[in-house]
Amino acid sequence: MRKDAPAKVYLGFSDPAGADYDLGDLDGQKRLMAERMAAGGWVIPQLVDHMMDADDFHFYRLSQVRMDSWSQGRVVLVGDAGYAVSLGTGQATSVAMLGAYVLAGELATHRDDPAAGAIAYENELRDYATRNQNTALEYDSKPGPPSGGEPSEAGSDGLPDFGSLTLPFHLKDYSVLVRP
Ligand SMILES: Cc1cc2nc3c(=O)[nH]c(=O)nc-3n(C[C@H](O)[C@H](O)[C@H](O)COP(=O)(O)OP(=O)(O)OC[C@H]3O[C@@H](n4cnc5c(N)ncnc54)[C@H](O)[C@@H]3O)c2cc1C
């Protein structure tokens, strides 16, 4: 981040029951967040004060996208649009980038039939994307770091060890991508 750029912060809370909030009511969403952060220590009260005045506040629940199919003819979904993983594992960008790589490779492999390339892409990646989503669900449903006190050392803050959540994926060598 640039030295003089404004800091951006996101706060979250676990709510298995599903908080009731109005999508169009930003002030209500801010109040809900402030209530849930009321017990927060460290700089949380300061952040909540800034949040109340922020004009770029955004509030939403963590979500996954699970589609029955990732393509229809030549229209293909990649990344979050087709298989958003959610935050639990820190792997969503990797899955999206692998998706782009595999889609490019399969389209090049099926150069004369893009729809078949799109189906081959899904066959290649779906299992990996679903396993990442299942892992994320497992971690999203666990309680987050304690909201009070000082930030702690890595590993003792209740966050998962993101490195250990990296799932293996065999990258095909799409040499067809290289034009002579
Ligand atoms: C708060 C937060 C924290 C995250 N932390 C992590 C993390 O630590 N690690 C991780 O791996 N992932 C993380 N993610 C998830 C990660 O950001 C996404 O999985 C990833 O960006 C998906 O890439 P994408 O290209 O599919 O979608 P996006 O990055 O959302 O890109 C879609 C693009 O399409 C553009 N667009 C939308 N509609 C239109 C339109 N009609 N016409 C033209 N353009 C359009 C958008 O402006 C955007 O630039 C986080 C996400 C959030 C919200």
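It should be emphasised that the depicted structure is a prediction, and the values quoted were computed from it without experimental measurement. When a ligand or atom number is given, it counts from 1 through the structure's own listing order.
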(request) State which residue, out of Q29, R31, M37, fulfils the side-chain contact (heavy atoms from CB on, under 4.5 Å) condition with M33. (result) M37

Considering only protein heavy atoms, determine whether one is less than 4.0 Å from [atom].
atom: atom 19 (O) of ligand 1; value: yes
atom: atom 33 (C) of ligand 1; value: no
atom: atom 37 (C) of ligand 1; value: no
atom: atom 5 (N) of ligand 1; value: yes
atom: atom 40 (C) of ligand 1; value: no
atom: atom 11 (O) of ligand 1; value: yes
atom: atom 44 (N) of ligand 1; value: no
atom: atom 48 (C) of ligand 1; value: no

(request) Using a strict 4.0 Å threshold on nitrogen-to-oxygen distance, state whether D127 and R131 make a salt bridge. (result) yes

Could you measure the distance from the [atom1] atom of [X] to the [atom2] atom of [Y]? Nearest 0.5 Å is fine.
X: L103; Y: L125; atom1: CG; atom2: CG; result: 9.5 Å
X: D15; Y: R61; atom1: CG; atom2: CZ; result: 9.5 Å
X: R36; Y: I44; atom1: CZ; atom2: CD1; result: 15.0 Å
X: Q46; Y: M51; atom1: CD; atom2: CE; result: 13.5 Å

(message) Measuring from atom 26 (O) of ligand 1, which candidate in T93, D80, V9 has the nearest non-hydrogen atom?
(response) D80

(request) Using distance alone, with no hydrogens and no angle criterion, decide if Y174 and E106 have a side-chain donor and acceptor under 3.5 Å apart. (result) yes

Distance under 4.0 Å to a non-hydrogen atom of [X]: what atoms of ligand 1 satisfy this?
X: G90; value: 9 (N), 10 (C), 11 (O)
X: G79; value: 26 (O)
X: Y10; value: 1 (C), 3 (C)

Distance from [atom] to nearest protein heavy atom, with residue and atom:
atom: atom 25 (O) of ligand 1; value: A96 CB, 4.8 Å
atom: atom 15 (C) of ligand 1; value: A92 CB, 3.7 Å
atom: atom 51 (C) of ligand 1; value: L87 CD2, 3.7 Å

Would you say [X] and [Y] make side-chain contact, with heavy atoms under 4.5 Å?
X: F57; Y: M52; result: no
X: K172; Y: T109; result: no
X: F169; Y: L98; result: yes

